[in-house]
2 protein chains.
Amino acid sequence: MSKFDEIMKRSGYSRATVSRVINRSPHVSDEARRIITEIMNELDYIPNRNAVSLSTGQTKQIGIVTAMIDELSLTFINQFMDTAMDYGFQTIVYMSRSDKQIELQAFEDLRSKRVDGLLIVTCVNDPGELKTYLQYGPMVSWQRMGNDEIPSIAMDQAQGYRLALEHLVSKGYTRIANVFGRSNSLNTKSRREAYETFMTSQGLPVWREAYQYSVFTSSDGETALRRMANGGELPQAVLCSNDYAAIGIMSEARRHNIHVPDQLAIVGFDDIELSRVLELTTIHNPIAEQAKQAFYHLWRVLGNEEHKATSLAYRLIERATT
Amino acid sequence: MSKFDEIMKRSGYSRATVSRVINRSPHVSDEARRIITEIMNELDYIPNRNAVSLSTGQTKQIGIVTAMIDELSLTFINQFMDTAMDYGFQTIVYMSRSDKQIELQAFEDLRSKRVDGLLIVTCVNDPGELKTYLQYGPMVSWQRMGNDEIPSIAMDQAQGYRLALEHLVSKGYTRIANVFGRSNSLNTKSRREAYETFMTSQGLPVWREAYQYSVFTSSDGETALRRMANGGELPQAVLCSNDYAAIGIMSEARRHNIHVPDQLAIVGFDDIELSRVLELTTIHNPIAEQAKQAFYHLWRVLGNEEHKATSLAYRLIERATT
DNA sequence: TTGTATGCGTTATCAT
DNA sequence: ATGATAACGCATACAA
């Protein structure tokens, strides 16, 4: 006999009434509530979540799909977890390690009702295939999806990039090098276009020869600076894929006795904690706000209150490197 | 009507037979299997995992409890995931961010049958309290538990530490500095004792003044070396809390023009990927094997085949820093 | 090989 | 406020 039945028996109340006190329904006499609660405690009772989920059709659980957890995604994930928890949702992480099969498990879990919804931080499967899972439950993505069918709360980085460009030019830096991440990513494409369009519009030269790709870490940044230093004329300023890269460039510049910002101005991207400490000029990426929006999106689709999607924007944070 | 019922109706077979082909029972006619499988595909059927779990009492899911995911724990977690998958188990990560309440959710999920077992990579709650959850399902811990009741597959680091000490002394280094992690952790205690016992047994002086604590990252390592350099007499060798710290010490030594290993020998701990590249002498920590053992332990308690627990050992990896 | 009946632990819809 | 009963979707012991 299950504990639930035991409670029924001992208390003398019916299945329904016991369920009511478990779920804090107001329609129970104080007497019943008292007696049943007491027995629940005696028995150390806790509902079987599989049974609850089967009955309600909801798991109150949201899956987080990500290949890996790094400092940036962690900021996002943490904020998402907090928000979800505020609304009574648990979150579980599906770390795929870029394995398509493992990643797919998360989506199959949506299909088999193990989670109510999915947050995609990073995914390796083809969005075109993943979108078929939309019929089983809501999903949002942080990563930009080429596909428009899977909703994404990603922002267009071009806006942030323009901010940096305007800042640099207004300060008199015109010979600007660009250090990108993945060469074929949507974000890189956006940034590159933003740069080329902006420079052209200002009547300034577009410096394609100075493009560098696959610069992600601070150690990549160090390498990047060395290439610049060895590559003839030094740029007046460099726009970085992210703050880590910028930090690498900054520290390597110091070793090369290149003065920042006089000889080389540096602008990062994302505005991570460290960049404040190191006084790096950067573009503030409202990650926490995006995480909230991501949850609100799921929340909305899961059939609850509306939530206005406040529009987010990048912000330039001027510090000591420009 | 559920898809399951739909399959019954369309195929004309009974509930039991349908269930049999779903679960690949051999006791079905080819005919029945063919027909039912076909209908399953037509209907795009997939079992509701809540129903399955409720019925079987098993979720085939193991929870991984960890405060944070860093490179070291990642090695462990990845291997555990692979092993678990080989045995048909899914894994989900409960990242507590050192929040006791959040961490407790994982344990409550064991209680409420959301997971079949728990792997504790790191935990912040008191082991004395956590052990009460053992009645709800199996748990293993990687982290050492002061408490003996929660099984742990952690190894005694003293063995590895002695290896390093023997190596150093045999090479003629006797003025040895120790760089530890958390000052009050069980591991630090083990190591410190191993050092003091060993030195005493060799008739060598114990150098307590050179103890440094809270050295975790490579940047901590850099600081540690600076302290040594400014602290009067340099040690002949330094034993590090982990490879990151060792790498920090190594690179900072280079900047101070301290030659390794002639002026300073360095021994790391764990044998991470990077240490091979950087030719760091270190103690190999059989993390992957520990992860397997962790799973086997759960597997055994979950009532399946026995698995001999092969005993693991640390190994000295001599490279260029000694 | 197949079918019947029952159980898993809970919620929800009606009544009363 | 309380209770009887069905429903959730599936597995399984037992019969046939």
For this session: Rounded off to whole Å, could you give me the CG-to-P distance for the B/Asn50 and D/dG9 pair?
Result: 10 Å
Exercise. NE2 of A/His27 versus P of C/dT11: gap in Å, rounded?
Worked result: 16 Å
Problem set entry | For atom NZ of A/Lys60 and atom P of C/dT10, their distance in whole Å | 18 Å
Exercise. Going by atom types only, do B/Asp70 and B/Ser73 share a side-chain donor-acceptor pair under 3.5 Å?
Worked result: yes
Exercise. Taking OP1 and OP2 of D/dT2, is either one under 4.0 Å from a side-chain nitrogen or oxygen of A/Ser29?
Worked result: yes
Exercise. So what does B/Asn23 hit on the nucleic acid, given a heavy-atom distance under 4.0 Å: a base, only sugar-phosphate, or nothing?
Worked result: sugar-phosphate
Seminar exercise, completed: Whichever of A/Asp30 and A/Arg15 has the more 5' nearest nucleotide on DNA chain D, that residue is A/Asp30
Exercise. Do any side-chain nitrogens or oxygens of A/Thr17 fall under 4.0 Å of OP1 or OP2 in D/dG3?
Worked result: yes
Exercise. B/Ala51 side chain: which of D/dC10, D/dT2, D/dC8 is closest?
Worked result: D/dC10
Exercise. Please give, in whole Å, the distance from C/dT1 P to B/Glu31 CD?
Worked result: 13 Å
Problem set entry | Given C/dT10, D/dT2, D/dC10, the nucleotide with the shortest approach to the side chain of A/Val52 | C/dT10
Exercise. For the pair made of CD1 in B/Ile36 and C1' in C/dG3, what is the distance, rounded to whole Å?
Worked result: 12 Å
Problem set entry | Residues A/Glu108 and A/Ser112: side-chain donor-acceptor under 3.5 angstrom | no
For this session: Examine D/dA4: is either OP1 or OP2 under 4.0 Å from a nitrogen or oxygen in the side chain of A/Tyr13? Give yes or no.
Result: no
Exercise. Nearest nucleotide by nearest heavy atom, which residue falls closer to the 5' end of DNA chain C, B/Pro26 or A/Ile46?
Worked result: B/Pro26
For this session: Carefully, step by step, assess A/Ile120 and A/Met145 under the rule side chain to side chain contact (heavy atoms under 4.5 Å, CB included).
Result: CA-CA 10 Å; A/Ile120 302 172; A/Met145 293 296 195; 3.8 Å; yes
For this session: Starting from P on D/dT12, measure out to CZ on B/Phe4 and report it in whole angstrom.
Result: 11 Å
Exercise. Regarding A/Gln90 and A/Thr59, is there a side-chain donor-to-acceptor distance under 3.5 Å anywhere?
Worked result: no
Problem set entry | Given D/dA11, C/dT2, C/dT13, the nucleotide with the shortest approach to the side chain of A/Arg20 | C/dT13
Exercise. Where the side chain of A/Val28 is defined as all heavy atoms beyond and including C-beta, which of D/dC8, D/dC10, D/dT2 is the nearest nucleotide?
Worked result: D/dT2
Exercise. Roughly how many Å is it from CG in B/Asn48 to C1' in C/dC8, rounded to a whole number?
Worked result: 13 Å
Exercise. Donor-acceptor pair under 3.5 Å: do we get one between A/Ser55's side chain and the base of C/dG9?
Worked result: no
Seminar exercise, completed: Whole-Å distance, A/Arg34 CZ to D/dA1 P, equals 17 Å
Exercise. When we call it a touch if two heavy atoms are under 4.0 Å apart, what does B/Ser19 touch: a base, just sugar-phosphate, or nothing?
Worked result: base
For this session: Count the heavy atoms belonging to other residues, nucleotides or ligands that lie under 6.0 Å from NZ of B/Lys189, then report whether that count exceeds 12.
Result: no
